[in-house]
Structure formats: C-alpha cells, structure tokens
Number of protein chains: 2
Amino acid sequence: MGGEVLEFAILGLLQQSPMHGYELRKRLAEVLGGLRSISYGSLYPALKRLHAAGLVTTDEPDRRAPLPADAPPLTGRRGKVVYTITAEGKERFAELVSQAGPEAYDDGRLFGVHLAFFRHTAADVRLRILEGRRRTVERQRDGLRSSLARTRERLDRYTLELQRHGLDSVDREVRWLSELIDSERRQPGPGPGERPPPGGE
Amino acid sequence: MGGEVLEFAILGLLQQSPMHGYELRKRLAEVLGGLRSISYGSLYPALKRLHAAGLVTTDEPDRRAPLPADAPPLTGRRGKVVYTITAEGKERFAELVSQAGPEAYDDGRLFGVHLAFFRHTAADVRLRILEGRRRTVERQRDGLRSSLARTRERLDRYTLELQRHGLDSVDREVRWLSELIDSERRQPGPGPGERPPPGGE
DNA sequence: CGGTCGATGTATCGGGACGATACATCGGGA
DNA sequence: TCCCGATGTATCGTCCCGATACATCGACCG
C-alpha cells in the first residue's frame with residue numbers, strides 16, 4: 001500500500017481543475033514542497049493506475065490503435081491527454097482528506113500532501129493532524145538525540161556534524177509545527193467548501 | 001548508475017572492519033544521517049552485487065551443503081555471514097573517495113556518504129567537495145526562493161508555509177556548510193592514513 | 001525444566017520510484 | 001528556413017522499500 005502519496009496529490013490537483021500530465025508535474029513540484037520534483041517515470045504509471053481504478057478519466061478515447069508488425073514509422077499524432085477526476089475520485093479524495101490518524105502524519109510525504117490540501121480539510125481534523133505530526137517528529141527527535149548521545153565518543157567529527165545538523169533540522173521542524181498549530185488555533189483557516197483559492201485560477 | 005550510494009557506504013564500513021549484514025545495517029543508519037535507515041530489502045541485494053563484482057568476499061563458502069545429522073553443528077556460527085572487503089574493493093573505495101567533481105556533491109545522499117568518510121579523503125578534496133556542495137545547495141535555494149516569489153499570490157497559506165519551511169531548511173544547510181568550510185580551512189582534519197578511528201571498536 | 005520473549009540474523013517478493021531515453025509538436029528568433 | 005527550447009507523452013532497466021518468513025540465541029520466569 002505504499003504508493004498513495006502520488007495518487008493523493010494528483011487527485012487533489014485534479015480536484016481543482018482538469019490538467020494534462022506536463023502541468024500536473026509542475027504543480028506537483030510546488031505542492032510537494034519545492035524540492036523533490038516527480039519524474040514522468042512515476043507520474044504516468046500513477047495516472048495509469050488511477051485510470052484503471054476509475055478515479056480519473058481521459059479525453060483521447062482510443063490512442064491504442066492496433067499497429068501492425070511492419071508498421072509505418074508511426075510518426076502518428078501523439079496528442080495532449082487531459083485528465084479529469086471522476087465522482088469516485090472525488091469520493092476517494094474526500095475520504096483521504098478526512099483521515100486524522102497516524103496514516104495521515106506518520107509518513108512525512110503523506111503529511112505534506114495533507115498540508116497542501118488543508119483547504120479541503122475540516123478544521124478539527126487539521127488540528128489533529130498537525131498535533132499528531134508534531135508528536136511523531138518529536139519522537140524522531142528524541143531518538144536522534146539519544147542516538148547522538150550514545151555515539152558521541154565513537155564517531156569522528158564529520159559524522160557527528162552530519163548528525164548534529166540532522167537533529168537541528170528535526171528540531172526546527174517541531175518548532176515550525178508548533179507555530180502552525182498556534183496559528184491554527186488562533187485563527188483557523190476557512191473550512192472545506194467555504195472558499196476556493198484566494199486569487200482564483 | 002543510480003545505486004552507488006549504498007555500495008559506497010558499505011565499502012566504507014567494511015574498510016574499517018569485516019562485519020555481517022545486521023551490524024552493517026545499524027552502522028549504516030548512523031552513517032547515513034540518523035534518519036533514513038536502510039532496509040534489508042536494499043542491503044542484501046547490494047551485498048550480492050558487491051560480491052558478484054568481486055569487491056567483497058564472504059566466509060561461509062558452502063552454506064548449502066546438506067549437513068548430516070551426525071555432524072556437530074558448530075553452535076553459534078550457523079547462518080552468520082561475515083563480509084570482508086577485497087583488494088579490488090579497497091581500490092574502488094579509494095577511487096570513490098578521491099572524486100571531487102559534481103558527482104561527489106550534486107546528490108545529497110552521495111555527499112552525505114562522502115562526508116561520513118572524510119577521514120579517508122585528502123584535505124584539498126574535502127574542501128572542494130564542501131564548496132561544491134555549497135554551490136549546489138545555494139542554487140537550489142535560489143531556485144526555491146524565486147519559485148516562492150512567483151507563486152506567493154497563487155497559493156494558500158499552508159502550501160506557502162510548506163515552501164517557506166523548505167526554503168528555511170535549505171538556507172540553514174548553506175550556513176551549516178559554510179561553518180564546515182570555515183572550520184576545515186582553519187584546522188583541516190587529519191588526512192587519509194594519518195589516523196584510524198579515534199576510539200577504535 | 002520448559003516456555004517464551006526480544007535481540008540477533010539471513011533472505012525474498014511485489015510494487016513503486018527514478019533517471020535515462022525516445023519520440024513528437026510548436027512558437028519564435030537568427 | 002531552420003533550429004532551438006518549451007511543451008508534451010511514454011517506457012525501460014534498475015534500484016529501493018515495506019512486509020514477510022524463518023532461524024538461533026541468551027535471559028528471565030514460573
């Protein structure tokens with residue numbers, strides 16, 4: 001069940017408007033946090049899975065023409081394919097967006113997608129996800145801290161620096177989450193269905 | 001050519017002393033930065049590749065010999081496989097450790113392994129890797145920054161926060177690298193061959 | 001003495017991700 | 001006109017990971 005991250009993100013983007021793969025990929029890069037852009041080798045298979053599962057449809061009905069063995073150069077038209085979310089897709093997305101347990105925040109990438117689509121998430125679920133994520137990351141930080149304490153004598157300065165930097169990053173993440181939580185408590189964002197994106201498309 | 005990270009790290013650890021897989025995995029987790037522990041589903045295939053390439057050997061030559069019941073089954077030894085680096089393995093490791101170009105620092109994971117084995121790296125190569133890494137990360141930061149500036153109006157507060165946090169992390173990494181560089185320039189660590197690990201086993 | 005529990009330990013499998021690569025169209029500037 | 005860079009779809013080989021299975025061992029407990 002590993003590969004839900006990409007599917008989730010795709011459904012979220014298609015929720016906003018139909019798109020073709022190329023644009024999907026660019027938007028994905030924004031949504032997934034700026035670094036880590038998704039490769040086409042992941043994207044197209046994911047779209048294929050979603051299509052097979054009936055969660056998205058494409059225009060372009062019959063591209064798989066039965067080409068003969070000694071076919072002509074096949075310089076046939078390879079057109080744009082626009083993907084649109086289906087009713088089942090929206091259903092599935094609503095289901096994913098309403099998850100508030102560990103499956104929503106234990107995996108950092110999955111948490112990132114949840115965060116990216118918080119606009120579609122109920123305010124109380126948002127808070128539970130943020131707090132759950134903070135607990136998870138705090139546990140990571142503690143593990144890292146004690147591991148660093150244990151190995152402090154055994155490792156050379158460079159490895160130690162690497163660990164220290166990692167610990168610092170995790171620590172910063174906890175603080176970042178705390179700020180998000182505070183801000184969310186002070187003034188919850190608009191709930192699902194109350195407001196589309198600020199500027200519009 | 002993707003999977004050199006793991007091979008590199010394994011060779012580096014086996015350089016210090018022979019080990020079996022289980023311990024290799026624990027050490028790998030330290031070396032790879034604390035988070036991101038390597039799974040056995042990656043480790044054993046990697047060891048198999050290294051073995052096939054002649055870079056490591058195993059004791060335990062014929063484990064698949066049908067033990068007769070009368071043979072006293074050397075208690076405690078049954079099943080463990082100790083991996084030892086070969087001469088070719090050491091050669092390959094020396095080759096990897098002396099790389100100072102983009103292949104050493106463009107990929108963050110590969111850079112991490114280089115850093116973890118800086119003990120075996122010449123002082124000038126160390127500096128070049130650190131500076132190269134800093135340039136790479138600075139470029140990432142700038143890309144992220146301008147992307148954030150471009151999308152500031154279009155995205156909702158949560159996605160923006162995610163991007164801001166990511167940018168902050170990258171920015172911190174640049175500063176961390178700068179500190180490493182300064183420290184390295186002030187007082188270079190011992191060069192290769194000058195010093196084994198500080199505490200020993 | 002037996003039981004079982006957690007640490008140690010080796011190994012594989014299915015499925016997903018990724019980098020590389022190929023193929024294809026199109027607007028615009030030299 | 002011609003090529004170049006952006007847009008665009010798609011696959012292949014290789015690797016990685018989570019899950020799983022299996023096995024041995026020392027220790028603690030009844």
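Order of the sequence lines sets the chain letters (A, B, ...), proteins ahead of strands, with each chain counted from 1.
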Taking [atom1] from [X] and [atom2] from [N], how many angstroms apart are they, rounded to a whole number?
| X | N | atom1 | atom2 | value |
| --- | --- | --- | --- | --- |
| B:M19 | C:dG9 | CE | C1' | 15 Å |
| A:E103 | D:dG18 | CD | P | 17 Å |
| A:E4 | C:dG15 | CD | P | 15 Å |
| A:E7 | C:dG15 | CD | P | 14 Å |
| A:R25 | D:dT7 | CZ | P | 11 Å |
| A:K80 | D:dA6 | NZ | C1' | 11 Å |
| A:L110 | C:dA17 | CG | C1' | 15 Å |
| A:H20 | D:dT9 | NE2 | C1' | 11 Å |

Mind checking what makes salt bridge (Lys or Arg N to Asp or Glu O under 4.0 Å) contact with B:R175, not counting sequence neighbours?
B:D171
Using the test ring-ring contact (aromatic ring centres under 6.0 Å, His included), find all partners of [X] that sit at least two apart in sequence or belong to another chain.
| X | result |
| --- | --- |
| B:Y83 | none |
| A:H165 | B:W176 |
| B:F93 | B:F8, B:F117, B:H120 |
| A:Y22 | none |

Can a cation-pi geometry be assigned to B:R25 and B:Y40, taking NZ or CZ under 6.0 Å from the six-membered ring centre and within 45° of the ring axis?
yes
My understanding is that a pair needs two contacts under 3.5 Å, Watson-Crick or G-U wobble. By that rule, which nucleotide pairs with C:dA30?
D:dT1
What are the residues of residues 39-55 of chain B, sorted by number, that bring a heavy atom to within less than 4.0 Å of DNA chain D?
B:S39, B:G41, B:S42, B:R49
Exactly one of B:E184, B:R119, B:H114 should register a side-chain hydrogen bond (donor to acceptor under 3.5 Å, both in side chains) with A:Y158. Which one does?
B:E184
Where the side chain of B:Y83 is defined as all heavy atoms beyond and including C-beta, which of C:dA11, D:dG8, D:dC17 is the nearest nucleotide?
C:dA11
Nearest-neighbour nucleotide for the B:Y22 side chain, C:dT10, D:dG8, C:dC18 considered
C:dT10
